[in-house]
Amino acid sequence: MAKSEEQHLKRGLQNRHIQLIALGGAIGTGLFLGIGPAAVLAGPSVILGYALAGVIAFFIMRQLGEMVVEEPVSGSFSHFAYKYWGSFAGFASGWNYWILYILVSMSELTAIGVYVHFWWPEIPLWASSCFFFIAINALNLTSVKVYGEAEFWFSIVKVVAIIAMIVFGIYLLVSGSGGPQATVANLWNDGGFFPKGLMQPDGKGGYQGLLAAISLIMFSFGGLELIGITAAEADKPEKTIPKATNQVIYRILIFYVGALIILFSLSPWKGITTNSSPFVMVFESLKGFQFTLFGKTIYFTSLIANVLNLIVLTAALSVYNSCVYSNSRMLYGLAKQGNAPKFLSQLNKNSVPVMATIVSGLFAAICIVVNKLIPEKALEVLMSLVVSTLIINWIMISVVHLKFKKHKTNTKFPSFIYPVSNYICLVFLTGILVLMWITGMKLPVALMPVWVVFLYICFLGVKRNKAAA
C-alpha cells in the first residue's frame, strides 16, 4: 500500500514548506484569539496551562512522528490504526479526523467573512466566504507545491506578527514606555499567580481555575497532526518530519509561554474578557506612538484595528487552507483502504486527489449554508462535536502508537520516553474529559459515545457492502 501511494502522490513539499506548515500549526486562531476565555478562568496561571498542554502535544507529535517517518504514507494515523489496530479503528480514526476538519472549515470560512466585513461592510458575509472558499480550493487543486507555498507565506505573516508583538512588548517593559501598569509584578498581583478557585465560595485563590481552563487550552494545539498528513508528499520525510516535530516544543515555549509572560506583564489580567486577547493589550499600548511616512504623520491608533484584523484574517485563511489539504488527503487514504468510495482516490495530472478535494469542499460549503440558516443553539452542538472529535484523535494516536511499537522495535525516529509518554497522554486526556464534565461542559463528553456508535454503524454498512461485492 505504501509503495503504491508513493508512486502516485508527488513529493512536492520541501523542507522549508514542512517547517512553516509545522510552525503554522502552532500559531493559529487559538493563540491570537482563543487565549481570552482561558485567561478569564485561570488568570496568569494560564501560562502554566499552556506549558503543560504543550508538553502533552509534543509527546503526541513524537508518537505520530515515529510512525510516519517509518511509513510515510497517505492517510497518516488512519493508515496506522487500520494496519496495527484493526479495520474499524482505521475507519473510525479517518472519518473522525475528516469530519472534525469539515466542522473547523465551517467555522473558519464564517470567520473569514466576518473579518472581510470589518473593512467592507457593504459586502455580504456569504459573498466573501464564498470567494475565499473558491480561491483556496482552486489553489489546492493546482498542485501540492502550490499549497505548500501558500501555507509557507501565510505562516510567515503569522510568525512575523507574533515576533513583532513579542519584541515590542519587551521594549515597552524594558524602556518603561508601557506606562505605570506595565510590570512583571502583574504575574502575581491581583490575587496571585493562581487567582481563581472556581470551586471555592468566594471564587478566589486556588488552582481550580486553571483546571477549568485546561480543556480550552489543549484545543489550541489542534492541527499539529498536519505534520503527519504531509508525510506522503514530503521531500525526504526521514529528515524533514523529525526536524519539524522536534521544533514543536520550543516553538510552543516561545510563541505561547514566552509571549504570554510578556503580555500578562504589560497589563493587569483582570482587563481581559472572553471576547478579547492579551495581544490586544499590546496594540492598545501603542496609542501614544506616531511616526512619519512620506511626509505624513501616521498615528498607531488608526492602525490598531486594521493590523489585528489582518493578522486574524491571515490565521483563518491559513487554517482553512490546511483543512482543505488535510481533508483531501485523509479522504484519499480512506478510499485506498476501501473505507470510502473508490472514485475518491482519483488524481489529476498534478497528482492531486481532485475528487477528494471537491467532495470535502462541497461538505464544507453545506456547513456554511447550515451555519447561516440553523438556530444558534444548533451551531453550539456542532462545535461541541469538534471538541469530541479532537479528544478522540489524540487518544487514538497514543493507543495506535502502543500497538505500532509491538511490531516495530527499532525505528528511525523513536518517540520520547516510550511507553511512559503514551500513558501520560492517555491519563491527561481522560482527565480533561472528567474536568469538562465537572465544570459544565457535559454536552461534548456525552456526544463522544454517540459519535463512536454512529461510526460503528456506518462501518458495518461499509463492511456489508464489501462482502456483497
Side-chain angles (χ1 to χ4, degrees), residues 24 27-36 101-142 146-147 149-162 164-165 273-284 286-287 289-291 293-294 296-325 360-376 379 382-383:
I27 305 175
T29 52
L31 175 62
F32 289 122
L33 299 176
I35 291 175
Y101 283 98
I102 288 295
L103 294 171
V104 173
S105 296
M106 171 197 69
S107 60
E108 295 300 331
L109 281 169
T110 304
I112 287 169
V114 173
Y115 300 147
V116 173
H117 195 257
F118 174 83
W119 287 311
W120 298 287
E122 68 276 9
I123 299 178
L125 294 178
W126 66 265
S128 51
S129 295
C130 284
F131 172 80
F132 285 106
F133 165 79
I134 295 171
I136 296 297
N137 277 275
L139 179 150
N140 275 267
L141 286 170
T142 305
V146 172
Y147 156 74
E149 285 294 330
E151 194 57 31
F152 177 85
W153 290 108
F154 281 145
S155 294
I156 284 290
V157 172
K158 292 190 289 186
V159 171
V160 171
I162 188 65
M165 285 189 279
T273 67
T274 56
N275 295 320
S276 72
S277 165
F279 289 95
V280 176
M281 295 186 294
V282 173
F283 282 90
E284 289 294 333
L286 293 170
K287 286 183 177 180
F289 290 82
Q290 64 186 59
F291 65 95
L293 182 64
F294 300 120
K296 184 178 180 180
T297 301
I298 306 296
Y299 296 91
F300 271 95
T301 50
S302 63
L303 294 177
I304 292 173
N306 289 289
V307 170
L308 279 174
N309 202 59
L310 177 61
I311 292 171
V312 294
L313 174 60
T314 302
L317 288 170
S318 174
V319 173
Y320 180 59
N321 187 41
S322 294
C323 284
V324 173
Y325 171 80
S360 296
L362 289 175
F363 273 87
I366 292 173
C367 285
I368 298 173
V369 176
V370 171
N371 190 27
K372 294 179 182 298
L373 297 179
I374 62 176
E376 186 174 331
L379 179 59
L382 288 174
M383 297 318 295

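Please read all numbers here as calculations on a predicted model, not as lab measurements.
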Smallest heavy-atom separation, G361 atom then F133 atom, equals O-CE1, 3.1 Å

Contacts of type side-chain hydrogen bond (donor to acceptor under 3.5 Å, both in side chains), residue N321, not counting sequence neighbours
N140, E151

Distance-minimising heavy-atom pair for S360 and I102
O-CD1, 3.3 Å

For S128, all residues meeting side chain to side chain contact (heavy atoms under 4.5 Å, CB included), sequence neighbours excluded:
V116, I123

For the pair L310 and W119, evaluate side-chain contact (heavy atoms from CB on, under 4.5 Å) and give the outcome as yes or no after the intermediate values.
CA-CA 10 Å; L310 177 61; W119 287 311; 4.2 Å; yes

Kindly indicate, with the supporting measurements, whether the criterion side-chain contact (heavy atoms from CB on, under 4.5 Å) is fulfilled by Y320 and N137.
CA-CA 9 Å; Y320 180 59; N137 277 275; 2.8 Å; yes

Shortest non-hydrogen contact from K158 toward S318:
NZ-OG, 3.0 Å

